[in-house]
Amino acid sequence: MGATKNPLSQNKQSLVTRAKFLKAFLVRISFVRISSTTDRLPSPPLRLLLVRSIANNGAEGLDTIRAENIGGRYSASLSDGPSIIVKEPSETEICSYRGQTSSRPDTRVVNERSRSCPVARSTLKKPPGPPYSLFVHNLPDILPDFWAASRRLQKQYGPLVRLKFLGRKVYLLSDPELLSIILQEKDKRLPKQELGSEGIFLADGDSWAFSRRVLQTVFTGKAVSNFIPAFHRLGLEFLNEIEKEYKENRVVKLIRLSEKCMMEVICEIGLGIPSGLTELKREFKETFEWLSEEGIKRQTQLPLFKKIPTARNVKYAKMLEIMDRILGEIMSQPLTDDRTDLIALMARAIDPETGRKLTSREVKDQIFTILVAGHKTSALLLAWAIFEISQNPHVEKRIKAEMKKVLNLDGISMKAPDYHQLKELQYMDLVIKEVLRLHPPAQSGFRGLHETTVINDEWILDPCNIFYSVYDTHRNSKYWPEPEVFDPDRFLPENVAKHHPTQYIPFGGYSRTCLGNVFAITEVKIDLCLLYQKFDPRVSATHPIVEGNDMLFPPTDIPMNFTKRKQLLGQPRKEGEPDTPLMSSPFISIDKEETEEKVYTNKRRTVSQTARLMGMKEEMKTGMFHILYGSNTGTSKEFAYSTARKASELNIQYSVSSLDEYYDKYLASGQEVEDSHMMLIITSTWNGHPPDNAKKFKNWMMDCQKAGKRDAAKHMNFSVFGVGNSQWNITYLAFPKLVEDMLPSLGATQLSSYEPGDEDLDLQTKFEALQDILWYFFAIELGLLPGVDHKTLVKPARSHLDFIVVEGPKEQNEEGGQYAITEVRELQTEGSGRSTVHVEMALPADVKYEAGDHLEITAWNHPHLVDQMCKSLGYDSNTWLKAVSKSNLPIPSWCPLGPVRLGQILSRELDINGVITRPVIQAITEALSDQHPYKAKLQRYGGKTQEALEAYEKEIVKNGINVVELLSQLPDVKIPLGVLLGVLPTLKKRSYSISSSPKRDGSKLTLSVGQVFFTTATGREHSGVASVYLGRLQVGSKIECHVVTSPMRYPADHMTPVICVCNGTGLAPFRGFLQEREHIQQQHGTIGQLHLFFGCRSRKEDFIYAEELLDYEARGLVKLHVAFSRDQGEKVYVQNKMRQEEELIADILMKQNGRFYVCGDARTMAKDVQEELRRMIAKFSGSTAEEAKTKFVEMVQEERVVLDVWG
Ligand SMILES: Cc1cc2nc3c(=O)[nH]c(=O)nc-3n(C[C@H](O)[C@H](O)[C@H](O)COP(=O)(O)OP(=O)(O)OC[C@H]3O[C@@H](n4cnc5c(N)ncnc54)[C@H](O)[C@@H]3O)c2cc1C
Ligand code: HEM
Ligand SMILES: Cc1cc2nc3c(=O)[nH]c(=O)nc-3n(C[C@H](O)[C@H](O)[C@H](O)COP(=O)(O)O)c2cc1C
């Protein structure tokens, strides 16, 4: 015989009994269902015995048994298990059993009367209630305020009151004894709702059990701790909103404002709506608010009424459709691994029992109900907490004292609690608990009974809904002495030990306990921590609170005054104590917790800088963020533009220009700048000097300093990101350092100091770190990016370009440039296996150069590579395109405004040959569908963790994978042109030392170019862009280039002795010097000595320009010291040759005031040569290694040692 589903319709002998078990086989409840009120029941003690016997027989976890009365004995059987026969127990058995159970909290259901072992009763009471009125039943009794009426009725009729309204029978209660039974019932049995019925909050039976199992895997402590950074940021937004509203109205409506801020929490943490989708977000907010308000009202409406097509019902149906569509749109966002919002967590969650995932319909239902469950409740908790703290000065004092201690507040910097500090804020915990007692945001709860049910041996209830009042339970004077008094100490552990388990139920109880309790408390604690550092909230005397008749949402809200503290909460640091950053970025607080994020660190800021920063926020609201660059080959400029793209995405007002353009606009006139400027300066150094477009700025700084203008830069609030290459070890980052040092001496304030980027090591990574810290600075410290979520902040700037296909011109004119090639020839011998080409070109008439200068080349990518790339993009290289900007950023200068051929863009504008960068990988990843097999793999390289960086280094950089190679792995994917072309780095110009002297022929110049060919680890044949471009030029072709001056200058005094050291094509400038010398010798007859230390592999293979050199030597123009590294058993390099001639070198350099030049490979040769030179200086001047180092630097500064090296 199975369990009877509809007992009232059948008159069966069987009794269907439901019992609950504790895990340890303890009997928990006496809760029996019977098929009919006329059935004879087993007595309560017998029922307990039945239950216990079954439990002892190993029926843990099964909660449905059948009990049949067979001749004075009861046979109990599990629905599909063995029967157990139990006889009616004796009085002694009953008493002893009760004695046992009454000492266990789990068996509290046994009430006082039955504990004294009365005779088993056969008459059970039906709960009393007011008589029914005709048609409307008890509606008049409960209007206008259901819960006020409930309180009155419970006073009149006792702890359990029967009511009927809207055709439904309900029972009301608020007594903890009864609640501890009722709350164990799992089902709610509410009528189906139009939205969210399958969501966990309303679901029953298997559907609820499945939801609960899945969602429990989502609401883990770990997940909540991951939300902490977002809570920090959103908490600061809450402060901003308070400030704004208070400024405007001199009063803040606290509940409404808290709800507004909690809505942001929903959008970001709940839904992960990207900040770019502002319209969708707005639509969601409106629809959500309307539906959740309306949903509450509809719960009290008759089902029939809801079906009539009134305007409101029609609107409701429409809004449901809109919500469904919005959630659909939100869920269509790519489910990337880095997403930690609730929707993403839910979509990934798996039921541990069945292995099933939520369908997208189910995710929609779940998210909606969860958001409804969490939104107003959290907002109310926050608002009531602020209210109660302000009403209880002693509580406020203790809270603040605890905050000062735990957060180490210094009165200067805002501190947000991290995970561990949150745990330490124990008094705040007590306060929050007491707030939840006095003002439980969920003031009531309900359960549903499917069958006629007896509870507590006393009451017999029809199938119905049971409503309980949390509010009344929490103010029951039997359990809470002086219930109206706000006293957090009630929750001290020693007091809690005395509580009845269900006298405090703000989050419900038993298996349906709120899943979001930790989430809500964490969030509110963070908000309180931030709030009390900055404000002293007080209830507004002029706007008294009127407790409305609806207690849940008091109509007059809670009006508060928010006095801004003169100084932040906390003790200023004493002299000598270290200063802390204004606020550790949440990203950085994650660093501490999760070591994998260690790549990102921030520097400290001084107290005065911090004070200045406070004013910045206001200024930035109306002002401009100036992004300034100093850049020769475009690296820093590109970083500046990438920053500008992101600023544009984040709706920050910005301007982007070179440092010299900034000088022209603001400084050249000498007038004082009135506004305050926030500036990010991104600049490189060239041979220790500023880049060309930063020279005026540098001169301005120097002039101001000389003139003692100590406040010339007082309007500047700046940070510097230095771009350099540590191969230039002496002048590494010289110019950014100079800016950082000089601007403060001219009155400027440095906001942050960012770690510089070393081209030789980590330039891109450091730039990414700068970006993260920068945007967090805007969001957290300046509080200027409301509604922008963590993911959006740390994502690299997206492309702002779109390309449309257009008609192209008939004629194509893509002429290279003005330098005409006159000769290209190989310099190495055939067997060498390598190649160095000599390229000669005729100069445009007006171009002049000096021996030692550089030529900057605009090279083109290899046509084969361009073809491959076009194929991957799905376009012919002859497709004509027009670029369109999707933001207020202009079309970048590399992209012609008119129609441009795709082949041209890919040939000469964008770098498709170099190792693919992480932003490009990220752009490609985003364009892949979630199902694409490569998506997860590619996502690994784009992350912000150490592991992601290492994966990128190991698998992408080490394998030399470029964008073409990567796309060739994705033949089925067509990445939109704009997405990719807008983030690819531009093709940088390459420098070459000119290997001729104009003294020989001023109309021509030559280059000596080592061809870069190698096979990557993946087996791809890689060729260098510019060297191979130059090598494949034909006589007559024209190229684009320009001459750049260099520090390599032959001494003005032709008698100055010279030492030149080089390897490979490092010979180039010295070939120019030799031509120069030939001319000088012809003119003057005499010339100083020149020693050339030249490193090659072998005399026969790469002794380039051998004939010329030997000829010069023969004519006394040079003394050669050639190191052929591979021509003998032992390797010999230039530094070894130098050592052989150490006395000569020391003499020339230190006694004869000669010059020492180095050119060529920076990574190996130049390093070793410098070391050797320092050793010699130490030896011949009798100084220590340290002193020799300083002497060496001085020689570089005096230009007696000149380095022109590349790596
Ligand atoms: C001031 C200055 C002067 C210069 N003068 C000269 C000169 O006179 N003559 C000259 O030849 N060069 C000179 N160079 C170097 C030149 O500018 C280029 O860097 C060089 O020609 C390579 O450019 P590319 O476009 O052909 O190669 P790219 O496409 O830039 O490829 C080169 C890159 O490929 C990688 N690579 C190279 N070989 C391998 C390998 N075997 N395995 C794995 N990866 C590898 C390295 O990362 C290297 O940076 C000079 C550089 C500077 C800064
Ligand atoms: C102060 C804030 C909150 C309070 C007072 C609160 C209170 C409650 C209460 C009383 C219940 C019903 C428990 C029962 O029926 O026994 C509940 C259920 C629930 N709450 Fe909360 N809640 C809060 C915040 C949140 C938040 C922020 C979330 C999620 C983000 C959330 C998610 C849920 C869910 C999923 C359930 C359904 C549990 C189930 O039926 O199994 N709650 N909450
Ligand atoms: C000829 C030359 C000289 C350089 N001198 C320095 C230097 O003195 N200090 C330094 O840190 N980096 C130096 N670098 C490295 C550049 O600063 C680096 O390549 C940077 O990325 C260039 O950025 P830009 O294109 O924005 O100017 C030099 C590079 C070259 C090619």
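Whatever order the structure lists ligands and atoms in, that order sets their numbers, starting from 1.
Contacts with ligand 1 closer than 4.0 Å are made by backbone heavy atoms (N, CA, C, O) of Ser1008 only, the side chain lying farther away. Residue Val1025 touches ligand 1 through backbone and side chain together, judged by heavy-atom distances below 4.0 Å. Here Ala1068 has side-chain heavy atoms under 4.0 Å from ligand 1, and that is the only part of it that gets that close. Neither the backbone nor the side chain of Leu1007 has any atom closer than 4.0 Å to an atom of ligand 1 (non-hydrogen atoms only).
Of the protein's non-hydrogen atoms, the one nearest atom 23 (O) of ligand 3 is Ser684 CB, 3.3 Å. Scanning the protein heavy atoms around atom 8 (O) of ligand 3, the nearest turns out to be Thr731 OG1, 2.6 Å. Among protein heavy atoms, atom 34 (C) of ligand 2 sits closest to Leu515 N, 3.9 Å. In terms of protein heavy-atom proximity, atom 36 (C) of ligand 2 is nearest to Phe201 CD1, 3.8 Å.
Between Thr1065 and ligand 1, at least one N/O pair is under 3.5 Å apart.
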Point to revise | Pair Arg1071-Thr1006, side chain to side chain donor-acceptor pair (under 3.5 Å): steps then yes or no | key: CA-CA 10 Å; Arg1071 180 171 183 264; Thr1006 66; 3.1 Å; yes

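Each of the following atoms of ligand 1 lies closer than 4.0 Å to a heavy atom of Asn913: 29 (O).
Looking at His854, Glu759, Arg990, it is Arg990 that brings a heavy atom closest to atom 30 (O) of ligand 1.
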